[in-house]
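Encoded as structure tokens, the structure appears first; notes follow it.
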Amino acid sequence: MKRTALLALAASLAFSMGAQAGEGFDVIALGARGGIEDGNLSAYLISPHGDPRAVTCDAGALVAGLRTAEAKGALVDVSVPADSAYTKIGYVLVEQIKGYLISHAHLDHIAGLIAASPDDGKKPIYALPSVNSDIEQTYFNWEAWPNFGNRGKEPQLKKYDYRDLPAGGKVELADTAMSVTAFPLSHGGVESTAFLIESGDDALLCFGDTGPDEVEKSTRIADVWTAVAEKVRGKRLKAIIIEVSYTNAQPDKFLFGHLTPAWLLKSLRGLEEKAGKGSLKDLPMVVSHIKYSLKKGPSPQEEILGELQAGNDLGVNFIIPEQGLKWRF
Ligand SMILES: [Zn+2]
Ligand SMILES: [Zn+2]
């Protein structure tokens with residue numbers, strides 16, 4: 001074999017192994033807020049670093065998020081084949097997003113998927129059985145919207161293949177180098193989900209909406225911490241995306257299944273207890289689902305970050321996301 005061919009082979013091997021070898025993840029915020037800003041609702045595009053085959057964790061905003069991501073330069077690495085009919089945004093949506101992980105069926109977590117569905121490609125929706133059933137019955141039912149799914153009311157357009165995730169069981173994400181494990185969360189009477197996404201030895205945890213265990217009278221967040229403690233200890237958990245919807249001023253009885261900075265910090269101390277003292281130092285934590293405010297005064301993002309930092313004796317690296325930002329974790 002010629003030297004150039006050998007080099008090319010080595011490079012392609014390095015690329016195909018790169019996704020498996022502790023390279024971490026590329027994450028783009030397609031939607032950063034928890035409400036009320038249509039076009040900027042919970043959605044994160046996630047792939048192993050350098051590997052374009054992605055999934056999204058929730059899909060509150062897709063096309064709007066990709067447009068902002070392109071405008072901010074987050075899609076510079078995307079190369080659309082010359083023979084593709086698609087724009088860069090179309091190519092990412094239809095070809096590179098290989099599936100959607102949906103934490104629960106609230107509109108702010110799925111509006112982008114529904115809006116894009118007529119022009120989207122064929123792909124799976126991964127969710128807990130209760131969530132897939134809500135999506136089928138609430139949206140893709142020929143009343144709210146045509147049935148683009150492969151269950152429910154006939155005729156089924158079969159664009160989206162519902163894949164029911166077993167709680168706590170690892171499932172391969174088709175056509176990607178990732179797997180997912182779903183953990184049920186308690187969200188004010190609604191079943192929501194935390195997704196542990198793994199690629200090789202690396203992991204990333206993406207939470208849907210959740211109330212504090214103490215308020216929800218559950219142990220579901222604690223159960224997630226138990227499941228990931230060893231990865232945190234070994235620095236194999238690269239980042240956590242988790243919601244904080246309100247400032248500390250919100251009374252517990254009006255949390256409606258959401259977290260405040262104080263509740264998140266309290267819960268994280270539980271994780272540190274399981275994973276070891278100092279184990280959360282520098283861990284990137286994306287604070288998602290902060291609600292857009294129509295009122296004058298300090299933004300809720302500033303207030304929430306301030307409250308998190310004030311109690312951050314854990315050394316966590318709290319990040320306030322903005323739509324279109326890209327990180328490597
Ligand atoms: Zn929400
Ligand atoms: Zn919700």
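Note that ligands are numbered from 1 as they come in the structure, with each ligand's atoms numbered from 1 the same way.
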Would you say T56 and L101 make side-chain contact, with heavy atoms under 4.5 Å? no
Is the W327 ring parallel, tilted or perpendicular to the F329 ring (thresholds 30°, 60°)? parallel
Is the Y160-W145 ring centre distance short of 6.0 angstrom? no
Check whether any side-chain heavy atom of Y91 sits under 4.5 Å from a side-chain heavy atom of Q96, and report yes or no. yes
For the Zn ion (ligand 2), which protein N/O/S atoms are closer than 2.8 Å? H104 NE2, H106 ND1, H187 NE2, D209 OD2
Using the benzene-type ring in the case of Trp, are the ring centres of H109 and H187 under 6.0 Å apart? no
Any side-chain to backbone donor/acceptor pair from N147 onto N141? Under 3.5 Å, distance only. no
